[in-house]
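First comes the structure, then the notes that go with it.
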Amino acid sequence: MSEHAPYRGRFAPSPTGPLHLGSLATAVGSYLDARIHQGQWLVRIEDIDPQRCKPEWTQRILHSLAVHGLVSDAPPVLQTTRTPAYQRALNALSHAGLTYPCACTRQDIEAANASRGFGENRIYPGTCAQGMPAGKTARSIRFRCPKAAIEWQDHRLGRFIDLLSQTSGDFVLLRGDGAWAYHLAVVVDDAASEVTHIVRGDDLADTTARQLALFDALQKPRPAYWHLPVILAVDGQKLSKQTGAKALDDNTPLDNLNAVWKHFGFDALRAETPAQWLELAVENWAVYRAKTAHPTNY
């Protein structure tokens, strides 16, 4: 990433349901960080999974963001419109010898990881890396991970050294059902939008090395990362649709924004409108950014 590139951040929800307080926290954090840098804030709808994503949720999400004063500085991008770009990227990686067809099923990979505990990453064992077993048919396309470790620095979490052969193995770029995989789509879209800074929840920190490997392979600049603490449910799990998080009440935007603000350690802001609230919050965000910086960043 060029130090002189204009700041561009983004918020990239999946339309699998309405926004909840946890997703609003990420939206607010990424928005405020763009504003303190006098940069742009973009919205991307990650709707590449046809089985889980619905157009009606896209409209609900965009409405909720607008109600809370969070409006993209450019028209929102839908990943379902980006298939040609993903195909070009896959072609480039294949031309460079960095992909291969894979016949393995989820059951095959689970069996190979039988000794790994609950919650541990499932590592692809490389079964098809040198060619598919005889009589097998390709189900997906995988990326050949680099042998060298991926090193990166998070604003809050510090330095990471990730050897992908030990944490994920070669990962999927094109799924067996023909859908584009998350990592490829994210990287291609961030590069196309010239995103310089990614502010998102720390539950996604362990995906970063895989995405950086793709940025490097596609010869695209790496963005900077800041993984924010996620809001937890009462049982200690990440607040999410899967854990039963309640949908945002769009009739109480100021209450919602102040709930997010409390999560970040601030007292409630007195404001009459979401726009006014965001103006006041910008004044405090630089303080939060400095406060949460990892010591190795100084």
Side-chain angles (χ1 to χ4, degrees), residues 1 8 10 12-16 42-53 58 76-106 108-109 112 121-133 136-150 152 162-165 167-196 198 200 204 206-223 225:
M1 181 190 67
R8 301 194 94 187
R10 49 78 161 173
S14 296
T16 57
L42 310 175
V43 172
R44 180 173 71 235
I45 301 297
E46 298 194 335
D47 58 348
I48 54 172
D49 188 335
Q51 296 180 353
R52 299 176 62 238
C53 299
T58 294
V77 172
L78 274 64
Q79 287 188 327
T80 46
T81 68
R82 301 276 297 144
T83 289
Y86 306 148
Q87 186 64 60
R88 288 192 296 271
L90 182 64
N91 292 346
L93 293 170
S94 298
H95 183 73
L98 296 176
T99 70
Y100 60 87
C102 175
C104 296
T105 65
R106 288 191 177 185
D108 294 333
I109 297 170
N121 282 350
R122 272 29 189 172
I123 300 173
Y124 180 67
T127 307
C128 298
Q130 304 306 320
M132 291 184 295
K136 294 288 186 177
T137 302
R139 297 174 54 85
S140 62
I141 303 295
R142 289 186 181 271
F143 174 68
R144 293 187 189 276
C145 292
K147 292 183 171 63
I150 299 291
W152 60 282
D162 193 327
L163 190 60
L164 290 174
S165 62
T167 58
S168 72
D170 297 342
F171 53 89
V172 170
L173 301 178
L174 182 63
R175 294 180 357 192
D177 61 3
W180 297 100
Y182 167 73
H183 295 299
L184 179 68
V186 164
V187 169
V188 170
D189 289 340
D190 282 337
S193 297
E194 299 181 330
V195 169
T196 60
I198 294 176
R200 59 186 182 182
L204 293 173
D206 70 351
T207 70
T208 305
R210 278 169 280 179
Q211 291 161 21
L212 288 174
L214 286 174
F215 276 112
D216 293 347
L218 291 168
Q219 300 181 36
K220 300 298 183 181
R222 290 182 172 192
Y225 289 88

Test side-chain contact (heavy atoms from CB on, under 4.5 Å) on Val77 and Leu42; report intermediate values, then the result. CA-CA 9 Å; Val77 172; Leu42 310 175; over 6 Å; no

Side-chain heavy atoms of Arg200 within contact of Thr207, under 4.5 Å
yes

Check your understanding: Between Phe215 and Ile150, does a side-chain contact (heavy atoms from CB on, under 4.5 Å) hold up when you go through it step by step?
Key -> CA-CA 11 Å; Phe215 276 112; Ile150 299 291; over 6 Å; no

So the salt bridge (charged side-chain N to carboxylate O under 4.0 Å, His left out) pairs with at least one residue in residues 170-184 (sequence neighbours excluded) are Asp49-Arg175, Arg175-Asp177

Between Leu214 and Val186, does the side-chain contact (heavy atoms from CB on, under 4.5 Å) criterion hold? Intermediate values first, please. CA-CA 10 Å; Leu214 286 174; Val186 164; over 6 Å; no

Closest heavy-atom pair, Cys128 versus Cys104, reported as atoms and distance to 0.1 Å, is SG-SG, 3.9 Å

Interatomic distance, CG@Leu174 vs OG1@Thr99, rounded to 0.5 Å, equals 10.0 Å

Please check this pair: side chain of Arg210 against backbone of Cys145, looking for a donor-acceptor N/O pair closer than 3.5 Å. no

- With side chains defined as the heavy atoms from C-beta onward, is the minimum distance between Trp180 and Val188 less than 4.5 Å? no

Distance col, row Leu212:CG vs Leu164:CG, nearest 0.5 angstrom, shows 9.5 Å

Under 3.5 Å, is there a donor on one side chain and an acceptor on the other for Thr208 and Arg222?
no

Check your understanding: Are any side-chain N or O atoms of Asp47 and backbone N or O atoms of Leu78, one a donor and one an acceptor, separated by less than 3.5 Å?
Key -> no

_Do Leu204 and Tyr225 make a side-chain contact, defined as non-hydrogen atoms from C-beta onward lying under 4.5 Å apart?_
no

Per side chain to side chain contact (heavy atoms under 4.5 Å, CB included), Ile198 is matched among Arg8, Arg10, Gln211 by Arg10

Would you say that Pro13 contacts Ile45 through its side chain, given a criterion of any heavy-atom pair below 4.5 Å between the two side chains? yes

With side chain to side chain donor-acceptor pair (under 3.5 Å) as the criterion, how do Asn121 and Thr167 come out once you've worked through the C-alpha distance, each side chain's angles and the decisive distance to 0.1 Å?
CA-CA 7 Å; Asn121 282 350; Thr167 58; 5.6 Å; no

Tightest non-hydrogen contact, residues Met132 and Cys102, listed as SD-C, 4.1 Å

Closest non-hydrogen contact found for Val172 with Ala181 is O-CB, 3.1 Å

Side chain to side chain contact (heavy atoms under 4.5 Å, CB included) filter on Arg139, not counting sequence neighbours, yields Thr105

Discussion item. With a 4.5 Å cut-off on side-chain heavy atoms, are Asp108 and Thr127 touching?
Written reply: no

If we only count heavy atoms from C-beta on, is the Ile48 to Arg82 side-chain gap below 4.5 Å?
no

Correct closest heavy-atom pair for Gly169 and Ile123 would be N-CG2, 3.8 Å

ask   = Can Lys220 and Asp190 be counted as an ion pair, charged N to O under 4.0 angstrom?
value = no

Distance col, row Ser165:OG vs Tyr124:OH, nearest 0.5 angstrom, shows 14.5 Å

Below 4.5 Å, heavy atoms only, C-beta onward: do Pro223 and Thr196 meet side chain to side chain? no

For Gln79 and Asp189 the tightest heavy-atom approach is NE2-OD2, 3.1 Å

#### Entry: Test item: Tyr182 and Glu46 side chains (from C-beta on) under 4.5 Å apart, heavy atoms
yes

Closest non-hydrogen contact found for Ala89 with Leu184 is CB-CD1, 4.2 Å

